[in-house]
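Shown next, in structure tokens, is the structure this report addresses.
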Amino acid sequence: MALFKALLASLLLFLLAAHLVDARTVLEEHTLATNEAGGYPSQKINCGAACAARCRLVSRPNRCLRACGTCCGRCNCVPPGTYGNREQCPCYASLTTRGNKPKCP
């Protein structure tokens, strides 16, 4: 019985280790694809859904969605959350209006 438990524990640890190695490989592939694309994901994101999530709490949603859509189209990136987190999308954060104010919400 003790041998069976030890064998089962070893099998579970092996499966956990294999899963962690696979997850790390996927993360490294994503990082490589991001770096090859100049710091941005290589595949197009769904700007409508990303901007709807970003603009869901603002008082002027149409204005926010229009600006966010423009920024997303240029940068292929929208920061997570409804406010802040701009450091996760440098292109999005760097766009400004003619008055030198941040363009993207």
Side-chain angles (χ1 to χ4, degrees):
M1 184 70 172
L3 181 62
F4 177 73
K5 286 183 180 180
L7 185 62
L8 184 61
S10 297
L11 180 63
L12 288 175
L13 285 174
F14 173 76
L15 290 175
L16 177 64
H19 178 70
L20 290 175
V21 168
D22 185 47
R24 183 174 176 97
T25 303
V26 169
L27 179 62
E28 287 172 355
E29 289 172 357
H30 179 267
T31 302
L32 181 62
T34 300
N35 290 338
E36 288 174 352
Y40 305 106
S42 58
Q43 58 183 333
K44 281 293 238 181
I45 66 168
N46 183 345
C47 289
C51 288
R54 181 82 175 166
C55 297
R56 73 177 184 257
L57 298 179
V58 298
S59 60
R60 299 181 68 184
N62 291 339
R63 183 178 185 183
C64 181
L65 288 169
R66 185 174 62 241
C68 180
T70 301
C71 297
C72 179
R74 290 181 187 169
C75 298
N76 192 36
C77 180
V78 175
T82 57
Y83 184 79
N85 301 317
R86 291 174 183 251
E87 66 279 353
Q88 294 185 15
C89 188
C91 171
Y92 188 95
S94 68
L95 295 177
T96 57
T97 63
R98 282 179 256 160
N100 226 17
K101 295 181 180 179
K103 177 178 185 68
C104 309

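Note: hydrogens, waters and symmetry copies are ignored here, and every other heavy atom, side chains too, is used. Numbers here simply count residues along the sequence, with the first being 1.
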Cut-off 3.5 Å, no hydrogens considered: what does the side-chain donor-acceptor table look like for residues 79-90, sequence neighbours left out?
{"residue": "N85", "atom": "ND2", "partner": "P80", "partner atom": "O", "Å": "2.7"}
{"residue": "R86", "atom": "NH1", "partner": "C104", "partner atom": "O", "Å": "3.0"}
{"residue": "R86", "atom": "NH2", "partner": "C104", "partner atom": "O", "Å": "2.6"}

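- Within the 3.5 Å criterion, the main-chain N or O of P105 finds a donor-acceptor partner in the side chain of Y92.
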Sequence neighbours left out, cut at 3.5 Å: what donor-acceptor pairs do the side chains of residues 59-72 make with other protein atoms?
{"residue": "T70", "atom": "OG1", "partner": "R66", "partner atom": "O", "Å": "3.1"}

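- Taking 4.5 Å as the limit, some side-chain heavy atom of L95 sits within range of a side-chain heavy atom of C75.
- Considering all non-hydrogen atoms of both residues, T97 and K103 come closest at CG2-CA, 3.9 Å.
- Smallest separation of non-hydrogen atoms from N76 and K44: OD1-CA, 3.4 Å.
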